[in-house]
Amino acid sequence: MTRRDSIFALSSGAPPAGIGVIRVSGPQARPALLALAGRLPPARQASLALLRDPQDGMPLDRALILWLPGPATVTGEDMVELHCHGGRAVIAAVEAALAAMPGLRRAEPGEFTRRAFDRGRMDLNAVEGLSDLLAAETQSQRRAALMMVEGHFSRRIDQWRRALLDLSAMAEAALDFSDEDDVPDAAIEARIGDGIAALAADVGALLDAPSAERLRDGVRVVLAGPPNAGKSTLLNALVGREAAIVSDIAGTTRDRIEVPAAIGGVAFLFTDTAGLREETGDAIEAIGIDRARAALDAADIIVWLGEPDALPRADAILVAAQSDRGAGDRPGLALSARTGEGMAALVALLQQRARALLPGEGDYALHRRQRDLVGQLLDHLHAARAARDLLVTAEELRLGRFVVDSLTGQAGTEDMMDRLFSGFCIGK
């Protein structure tokens with residue numbers, strides 16, 4: 001299927017719904033609207049029209065129609081939007097009429113966005129941000145994704161590209177015209193070195209920022225401690241449902257239980273673990289203990305329900321659990337998941353810790369692909385600065401420019417883009 005085909009798809013939620021928005025993009029968008037509505041409304045003005053089936057003239061729906069001539073559209077092509085009633089029969093009838101028109105076909109997953117990318121309406125970072133925005137379930141995810149969609153990271157990349165071009169030009173000038181009177185060579189290598197150092201500092205600072213994976217998957221909070229410490233009861237209280245079996249029998253939790261939950265606009269992944277003890281005669285429980293230790297190693301935050309001298313990590317949150325059974329003078333946050341004592345304080349502490357690990361207000365987060373490429377760029381900058389030969393410096397700067405092009409999707413990303421767009425819904 002060629003990208004010059006005209007495509008259509010339902011871009012709103014699945015019917016039934018109050019409104020169903022069907023989009024058409026490509027050279028057949030205008031003829032399709034004329035065939036359905038019998039007229040072309042003023043550009044970018046919503047107009048009420050009776051849609052008819054071009055095959056037999058039978059009415060399909062009375063809908064709002066929009067004519068959006070390219071290239072100033074999301075796909076860069078001529079586009080039409082049909083805002084129909086959102087019943088299943090209505091949507092099916094309008095889509096069937098469109099499918100019967102020559103030169104029109106149903107869109108593939110992510111094809112509208114792919115066309116926007118191909119025509120320069122979005123770069124790859126904005127596409128990834130849109131994917132995150134569509135999947136956002138918490139306010140922090142929404143804010144970070146929107147920053148990426150609106151191009152904040154892309155503008156920073158553009159600054160890096162201009163700096164690399166300036167440094168490359170200086171290096172080439174020093175190599176090619178160092179003996180010419182009109183190009184000063186005194187201290188030019190020092191200027192190049194200072195420029196590379198400044199750029200490397202800016203690139204490196206971004207690598208220290210929180211990752212999109214933590215934002216998307218949730219801050220990993222591991223509840224750990226000895227058997228019968230109240231971990232499962234606490235998990236159920238935190239997530240607001242009976243996610244884990246609670247019993248007075250030691251070793252009830254054999255394997256780790258992972259439960260996602262959103263609290264205060266932040267995504268968490270809570271993990272209940274098998275009770276930790278040195279010896280057990282149960283082989284299954286021993287496997288659970290090993291998995292509990294692995295979960296502790298991967299945790300962002302540890303809530304420890306054991307003795308203070310057994311803290312698995314210095315920054316673990318020490319909880320004196322089961323205070324309703326008499327916590328006495330035990331150190332740590334006095335807490336009872338049954339009565340609610342201390343729960344608000346624990347949740348507040350978890351939110352405070354989590355926000356330190358996530359992008360702040362107005363910040364964006366990088367995916368693994370982006371972080372890997374930013375890391376490669378930093379490596380090239382360090383190599384360029386360390387090089388004793390200006391030829392090597394110039395080559396490292398050229399390689400850095402290629403990495404920047406890969407970040408925006410202008411080089412070496414075809415396979416990755418195919419995977420990315422295939423994950424979009426049909427109407428995006």
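Bear in mind that the values here come from a model prediction, so they are computed numbers and not experimental data.
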Determine whether a donor-acceptor pair (N or O, by modelled atom type, separation under 3.5 Å) exists between the side chain of [X] and the backbone of [Y].
X      : Y      : value
Ser336 : Glu341 : no
Arg23  : Phe112 : no
Asp78  : Pro27  : no
Arg121 : Ala116 : no
Lys231 : Pro226 : yes
Thr73  : Pro69  : no
Arg119 : Val74  : no
Glu258 : Thr271 : no

Quiz item: Does a side chain donor of either Arg115 or Ser25 reach within less than 3.5 Å of an acceptor in the other side chain?
Solution: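 Side chains of Arg115 and Ser25: no pair found under 3.5 Å.
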Quiz item: Between the side chains of Arg369 and Asn125, does any donor sit under 3.5 Å from an acceptor?
Solution: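 Result is yes, a qualifying pair exists.
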Working to the nearest 0.5 angstrom, can you tell me the gap between [X] [atom1] and [Y] [atom2]?
X      : Y      : atom1 : atom2 : value
Arg368 : Asp372 : CZ    : CG    : 6.5 Å
Leu130 : Leu146 : CG    : CG    : 10.5 Å
Arg220 : Ile301 : CZ    : CD1   : 12.0 Å
Glu396 : Arg401 : CD    : CZ    : 12.0 Å
Leu206 : Leu366 : CG    : CG    : 4.5 Å
Leu377 : Leu407 : CG    : CG    : 7.5 Å

Looking at [Y] and [X], is there a salt bridge between them, counting it only when a charged N and a carboxylate O are closer than 4.0 Å?
X      : Y      : value
Glu395 : Arg398 : yes
Asp118 : Arg114 : yes
Asp5   : Arg105 : yes
Arg155 : Asp158 : no

Taking the side chain as everything from C-beta on, heavy atoms only, tell me whether [X] gets closer than 4.5 Å to [Y].
X      : Y      : answer
Ile317 : Trp304 : no
Thr113 : Ser131 : no
Val259 : Leu238 : no
Arg355 : Val266 : yes
Asp123 : Ile157 : no
Asp217 : Leu269 : no
Met148 : His367 : no
Leu164 : Leu381 : yes

At their closest point, which heavy atom of [X] faces which heavy atom of [Y], and how far apart are they?
X      : Y      : value
Arg371 : Leu207 : NH2-O, 2.8 Å
Ala229 : Ala321 : O-CB, 3.6 Å
Val21  : Glu81  : CG1-OE1, 4.2 Å
Pro359 : Ala365 : CG-CB, 3.6 Å
Ala97  : Pro54  : CB-CD, 4.2 Å
Trp160 : Val374 : CZ3-CG2, 4.2 Å

Is the number of heavy atoms from other residues, nucleotides or ligands within 6.0 Å of [atom1] ([X]) greater than 12?
X      : atom1 : result
Arg30  : CZ    : no
His85  : NE2   : no
Arg385 : CZ    : no

Quiz item: What do the steps show when you test Leu234 against Leu346 for side chain to side chain contact (heavy atoms under 4.5 Å, CB included), and what is the final call?
Solution: CA-CA 11 Å; Leu234 177 56; Leu346 176 60; 4.0 Å; yes
Quiz item: So Val219 and Leu358, side chain to side chain contact (heavy atoms under 4.5 Å, CB included) or not? Walk me through it.
Solution: CA-CA 8 Å; Val219 176; Leu358 297 174; 4.0 Å; yes
Self-check item: Residues Asp202, Arg156; criterion salt bridge (Lys or Arg N to Asp or Glu O under 4.0 Å); working and verdict
Solution: CA-CA 10 Å; Asp202 188 45; Arg156 191 166 184 176; 2.8 Å; yes
Quiz prompt | Ring geometry between Phe153 and Tyr364 (parallel below 30°, tilted from 30 to 60°, perpendicular above 60°) | solution =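 If you compare the ring of Tyr364 with that of Phe153, the planes turn out tilted.
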Quiz item: Which residues pass the side-chain contact (heavy atoms from CB on, under 4.5 Å) test with Ala49, sequence neighbours left out?
Solution: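 Listed in chain order: Ala37, Arg39, Ile65.
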Practice problem: Apply side chain to side chain contact (heavy atoms under 4.5 Å, CB included) to the pair Leu66 and Leu33, showing each step before the final yes or no. | Solution: CA-CA 9 Å; Leu66 282 147; Leu33 183 57; over 6 Å; no
Practice problem: Start with the C-alpha distance between Asp132 and Leu215, add both sets of side-chain angles, then the distance that settles side chain to side chain contact (heavy atoms under 4.5 Å, CB included), and finish with yes or no. | Solution: CA-CA 10 Å; Asp132 289 342; Leu215 182 67; over 6 Å; no
